[in-house]
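Source: prediction; values computed, not measured. Computed over heavy atoms, backbone and side chain alike; hydrogens, waters and symmetry mates excluded. Residue numbering restarts at 1 for every chain, and letters A, B, ... go by the order of the sequence lines.
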Amino acid sequence: MLIKRKSGDAARTKHQAVAAGLAAGVLDRRAFLRKSGLTAGALAAAGTIQLGSVRKAQAAGSSAVGPDTVIKKNVCTHCSVGCTVTAEVVNGVWVGQEPSYASPINRGTHCAKGAAIRELVSSDRRLKYPMKLEGGQWKRISWDQAYEEIGDKLVQIREKNGADSVYWLGSAKFTNEASYLMRKFAALWGTNSIDHQARICHSTTVAGVANTWGYGAQTNSYNDIRNAKTMIILGGNPAEAHPVSLQHVLSGKEINRANMIVIDPRFTRTAAHATEYVRIRSGTDIPVVWGILWHIFQNGWEDKEFIAQRVYAMDDVRKEVAKWTPDEVERVSGVPGEQLKRVAEKFAKEKPATLIWCMGATQHTVGTANVRALCILCLATGNVGKPGTGANIFRGHTNVQGATDLGLDVTSLPLYYGLVEGGWRHWARVWEVEYEWLQSRFDEVPAKGGRKARTRKENMESPGITSTRWFDAVNLPAEQIDQRSPIKAFMVFGHGGNTVTRMPEAIDGMNKLELLVVADPHPTTFAALDARQDNTYLLPICTSLEMDGSRTASNRSIQWGEQIVKPAFESKSDYEVLYRLAQKLGFADKLCKNIKVTNGAPEAEDILREINRGGWSTGYCGQSPERLKAHMRNQHKFDLVTLRAPKDDPEVGGDYYGLPWPCWGKPGLRHPGSAILYNTSLHVKDGGGGFRARFGTERNGQTLLAENSFSKGSDLTDGYPEFTYGVFKKLGWDKDLTPDELATILKIGGEKPDTVSWATDLSGGIQRVCLDHGVSPFGNGKARANAWNLPDPVPVHREPVYSPRPELVAKYPTRPDERQLRMPNIGFSVQKSVVDRGVAKDFPIILTSGRLVEYEGGGEETRSNPWLAELQQDMFVEINTGDAAARGIKDGQWVWVSGPENGAKTKVKALVTDRVGKGVAFMPFHFSGWYQGKDMRDYYPQGTDPVVLGESVNTVTTYGFDPVTGMQETKCTLCQIAAA
Amino acid sequence: MARMKFLCDADRCIECNACVTACKNEHEVPWGINRRRVVTLNDGKPGERSVSMACMHCTDAPCAAVCPVNCFYTTADAVVLHSKDICIGCGYCFYACPFGAPQYPRVGNFGSRGKMDKCTYCSGGPEADFSTAEYEKYGSNRLAEGKLPLCAEMCSTKALLAGDGEMIAEIYKLRVIKRGYGSGAWGWKTAYRETVAI
Amino acid sequence: MRRATTFLSTLLLAVMLLAVPGAFGPAQAQNPIQADGQNPMGARPTADSVNEEFLFKQESKIRGRVSIPDGKAANLIQPQGREYQNFRERWLPWIGALTILGMLAALGAFFLFRGRIMMEHSQESGKKILRFNAFERFTHWMTAVCFIILSLSGLNYIFGKRLLMPLIGPEAFGAIAQWAKYSHVYLAWPFMLGVAFMFVLWIKDNIPNKVDWAWIKAGGGFIGKGHPHAARFNAGQKGVFWMVAGFGAAMAATGLMMLFPFALTDINGMQVMQVIHSVIGIVFIAGILAHIYIGTLGMEGAYDAMGSGKVDLAWARAHHDLWVEKEQARTASGPQLKGHPAPAE
């Protein structure tokens, strides 16, 4: 009988023979593996899939930690929760992953992607060296050749068509430092057409939330959800999109016996764990939220004191809400009044209550309005600015919050400094670049299409084209595009090609580009579409696991990730590629004037220090690399719920984990960061504060400053505006400034020193003095229930462009055609045509899209990872049992899903389930590599094709854009399904 | 000695498959071999629950009983392991296993199976601890390092519990009492002829 | 013997009944809540959550959905594995041992009681008549050799670990068992081919008729004096033929299911296949033991039929009189048999 050695050595000798035989080389490795039965099976079963690489084989062996093992910590790249990844590295090879118990965010855990992340680095499906397309064939080239050719073409295109004809797309997977560097790069190039994935996930959140109370970010944290007694998850499926967050959500649900209400068209895996599930018609979020508020106002459940003290113009909302009687809500959304009353009562009365939302709320033509309605729901019930409350917005990628903060956005400069002269001059000072030189880099725009011409300065202050419209800006007639020329060149860094709607038109756009450069660890969908023959480059970029740098999680905590291993193959970091490109284009010295460059790559720490020097507006000033690294060393000291370290700790005492922004003042001030925004029960020095006084002090005779509400220990016991040197002088606080600080302020202010504010004072003096007086540098204002600068100041329901209920369109039409962000938005005309043509009859099924736990984003990276790919091998459509039966469709069979535009169709497998309601279909958005039934595997450069390919849902998605941010409509279009 | 068990708290499990990929990662398990999997019951309907399942390391393990070559053995920690040197890949253990744990690489003719592979509770096999031979055949040996199986350690919601049976049962009981509901210790009756009474 | 067979078939049926319901059974879950995109369900998912006990009441095993293509992974818990274990470990060794040893004992007793059935001499003694041609003999022996190896390697699945392993140790046994498995898997094919050939070759002579009934009533001549009439095959031989054909087909069918596991059936089906294969295999072995006995030790002159192919005419006349007459009539009217009956020595 065999007995494991731990219970006795009796049987051990029997196996020593085998071991000895191995040691003596009796069996060669191959024979041995065959004997073990594992490897041979793998090869046979996997067919073309090659497992392992040379490096892996060299490092294979025991998992035990030996003396050569080095532990490195980085951050998982797959969502915004910010899970620490603990890597075991032996001889420069990443051999194992260990649970990161010290991290207060993930506490050792991961989801499928995090637990498989090691594969990304050693994946043999990565892009290994730079390549270019020559006559439709992929050719290997050197990095030098790539920089030369790409640089020359860029210059050539710029000379002919202007700076705006080159479109720059950054990535939410960038580190903060890379995001900043690229934004700066685009500024030095002379364009505002610089965007990233936030455009297509939470741009509407950022716009909606910032326009309500100041900052466009999650107000609380994942951990803080543990305090909630009621949570509503609307349009989000964190069980699949943010699995580790569910640890906190479900713990909160259990500890507090909290209500967990899921509002979604689809009975998601999150809904399966809810205490109440509300099924709504896709695209009717505003009616549902107003329906909830109707009950709240009707029963007087609102937080009247909170509204009086901290909210502007709630009465305007009451007027709109009054229209949404239970009957009307049920007619439009399908939700019965009784259920919404139950939800309303819980949210308003069983407090603290938090509202969690994701792309189900944001990816709509009414995305910004949806977000605004949700914020207003929080405000009406007083569920903001306290533990257990707040707008807990779960963002998508590792660093989508950071990349947004650092300005990979067509509407802002780093850290939300506006595209106004003040903003430009601020960064010009930080960069030590002449403002006039920057201006000279921008195009002059001639008058066309009935629009006036723009000067360089005006163009510099004009938001760029959004990533959702890049191909429209290639395809449409030049006169419709409000810049010097249509887009001619597309520089894509770390961004899939299949995540933007209307793929058939994107392919047309690709066809017309003069230059396409994809800089990514994988070739991405752009490489696998039958569109281009030449002038296409693939640059292998390492994953951010192979880079130093900081990342901002959704809760605004900034974590420092250290390079786990050196970039694999010939891949390079974003830092190096941007720097080398800048060298070729002639502005590298300006890009890195105050940033140390080592071996041709700017140093992450130094980039962060420059961010600190300029990041006052968002409180990115206190998070020095040293402090962030200390946090990673001391992760175990932070509290699970408050995220705070004990005050007496020498390194991180009193800090919140990751110094969640705003972290005021210079690093030396040791502000702890702000775990919960707008929390008046804490001193500003402990991360407290009121709503940001961002919108002035008064409007229509009503004050915009808080009334009888202020943060703990404040010298000013009422609302107050944001601080400037001028305000300081009135308060007499200018005397508290040191001579150096004062000198800096006066130097910046020049002739108008009074205008120097907390956000532009490079000395940090204004912020320092504010903290000493217990006031928030950004003021103490009211949140806005009426955001008068938005297209719909108070959100109103508007039917989707492709509405399944044409009879409702007359009453609830989408916004009229208008021009936004340099482009026309003809949503109204499209909607009218859809109704007139009776499209909903031919395409009777609502198509919505979303995420799977195994994959992320466009999915090239995760679909190349066999550990993940094995778990989802086919693109599918979820179809309701009734709809399937009516069409004779069986579970698992091939079907055609066709869309109402471009005659587009996709061939996918049917997943027949009641998870989706009758008349609703769901498709995940991570697949690509098939196009309208054609397998495009051969189009990938050899050996870089992902393991799993499939149709992209965006082949059949349709027109529709949010008026504020250009967000695309992915959650509500129409389709027809037929057996293939 | 401890009596090692797995317990999946289905009220926490969200089918994130971290356990599955953690296992692949830790042991470099090849494509097609699923030492652990997550099964969703009542899929898409209210009451849906997911359960992560692998070898449960049964008391009186059926696989060991039916094995025609007696390649199974139970360690002092009550982990059920097997020797791939002795296994003939007959497949009987799969027929006997109540949990579908045994996996077979497809080798040989007529679809016949190679040496059986299954969850080792991250504790290797009969070869010397941490030896290359052990790693290549069975994967790493965390238990010998004083660590628990990685699937449970990395479980996103801490649904999958691994450790001494009495301790994890206690953790589960406390949870159920705290929250007021629990769908039970899935498979315990079949695997250990006991259940966690609340 | 008969009783043993009855017992076995009853047991087999019982086991199948135990195992099979899992394969069917109502799969519909509870909660017939109306799901509709426009008319939402007011569901309380936590309150409605399923549990093990509830699901076991609906079906004998718990099944769900998995995203991997391996359909059998969707079975979460199948307690039938325990029943299968019970059969295989508690019943099968006894069934096997009792059946085979019982048959050997019965044959031994018969041998002691009746002794070797000797040839009865007559004037035709010494003359030979061709009973099986070369191809028939080849087929027989190919099948027979395969059968013996399949039997031994098959029995090894049940008894190897109990009898052989303690003697030679796990490593050596493991190696032998591996080869035994290979031989079982590969020799199954020539065996199946052999059974098929035999079926085609001999079916026409094995159709039961009235003569067989008389033969059986006369006790096949084993008891008492005199030989009942018999054509080419007597009722006993026909029994062997139909046993080989029937059991051969059953073994082939169940064996193929195991060679291609889960191709046609689910886990419970596989368990049933296993049970059928092992029980029939054992009965088959016992039956063939009797066949071997009567063809060799039990009866003088019988072996020649498959040995040289030619049998003593006297023996043939005694045992297969109708066949001899027919054969001789055929040879008289047609060409002579190749092997002309040799004169007596």
- request: Kindly compute the distance separating CG (B/N42) from CG (C/D48), expressed to the nearest 0.5 Å.
  value: 9.0 Å
- prompt: Taking the side chain from C/Q78 and the backbone from B/C97, do they hold a donor-acceptor pair closer than 3.5 Å?
  reply: yes
Atom group of B/V38 that falls short of 4.5 Å from chain C, counting heavy atoms: backbone
- prompt: What's the shortest heavy-atom distance between C/G174 and B/I88, and which atoms?
  reply: O-CG2, 3.9 Å
- prompt: chain C heavy atoms under 4.5 Å from B/A10: which part of the residue, side chain, backbone, both or neither?
  reply: neither
Pairwise distance CZ(C/R63) to OG1(B/T40) - rounded to 0.5 angstrom: 15.0 Å
statement: Residues C/S49 and B/R49: closest non-hydrogen pair is CB-NH2, 3.2 Å
- prompt: Does the B/R37 side chain pair with the main chain of C/A73, one donor and one acceptor, at a distance under 3.5 Å?
  reply: yes
- request: Select one option (side chain, backbone, both, neither) describing which atoms of B/C63 are under 4.5 Å from chain C's heavy atoms.
  value: neither
query: What residue in C/I267, C/L76, C/N51, C/L256 has the most heavy-atom pairs under 4.5 Å with chain B?
result: C/L76
- prompt: At a heavy-atom separation under 4.5 Å, does C/E89 approach chain B through its side chain, its backbone, both, or neither?
  reply: side chain
query: Is C/R82 reaching over with its side chain to a backbone N or O of B/T190, donor-acceptor style, under 3.5 angstrom?
result: yes
statement: Okay, B/D60 and chain C: the region with an atom under 4.5 Å from a heavy atom over there is both
- prompt: Take atom CD in B/E166; do more than 12 heavy atoms of anything else shown fall under 6.0 Å from it?
  reply: no
field: C/E52 portion near chain B, given a 4.5 angstrom heavy-atom threshold
entry: both
statement: Taking every heavy atom of C/Q85 against every heavy atom of B/A65, the minimum-distance pair comes out as NE2-CB, 3.3 Å
- request: Measure B/R193 against the heavy atoms of chain C and call it side chain, backbone, both or neither at under 4.5 Å.
  value: side chain
task: Can you see which heavy atom on C/I77 is nearest to which on B/W186, and at what distance?
output: CD1-C, 4.3 Å
- request: Provide the closest heavy-atom pair for C/A74 versus B/V39 in the form atom of the first, atom of the second, distance.
  value: O-CG1, 3.5 Å
message: I need the residue from C/P69, C/S67, C/A175, C/A177 with the largest number of non-hydrogen atom pairs under 4.5 Å to chain B.
response: C/A177
message: How long is the straight-line distance from CD of C/E171 back to CD1 of B/I86, given to the nearest 0.5 Å?
response: 5.0 Å
- prompt: Does any heavy atom of chain B fall under 4.5 Å from the side chain of C/I68, the backbone, both, or neither of them?
  reply: side chain
query: Does the cation-pi check pass for B/K189 over C/F56, that is, NZ or CZ under 6.0 Å from the six-membered ring centre and within 45° of its axis?
result: no
- prompt: Does the side chain of B/L41 come within less than 4.5 Å of C/I62's, by heavy atoms?
  reply: yes
- prompt: If you count the non-hydrogen atoms of other residues, nucleotides and ligands that lie under 6.0 Å from CZ in C/R90, is the total more than 12?
  reply: no
- request: Identify which part of B/Y104 has an atom lying under 4.5 Å from any heavy atom of chain C, answering side chain, backbone, both or neither.
  value: neither
field: Side chain / backbone / both / neither for B/A101 at chain C, heavy atoms under 4.5 Å
entry: neither
statement: Okay, B/Y181 and chain C: the region with an atom under 4.5 Å from a heavy atom over there is side chain
- prompt: Using the ring of each side chain (for Trp, its six-membered ring), is B/Y92 parallel, tilted or perpendicular to C/Y157, with breaks at 30° and 60°?
  reply: tilted
- prompt: Between the side chain of C/K161 and the main-chain N/O of B/P68, is any donor-acceptor distance below 3.5 Å?
  reply: no
message: Counting heavy-atom pairs closer than 4.5 Å to chain C, which one of B/P62, B/G100, B/A191 comes out on top?
response: B/P62
message: Can you tell me how far apart CE (C/M258) and SG (B/C90) are? Round to the nearest 0.5 Å.
response: 10.0 Å
query: Is there a side-chain contact between B/N70 and C/M165 (heavy atoms, below 4.5 Å)?
result: yes
query: Do side-chain atoms of C/Q271 reach the backbone of B/Y95 as a donor and acceptor pair under 3.5 angstrom?
result: yes
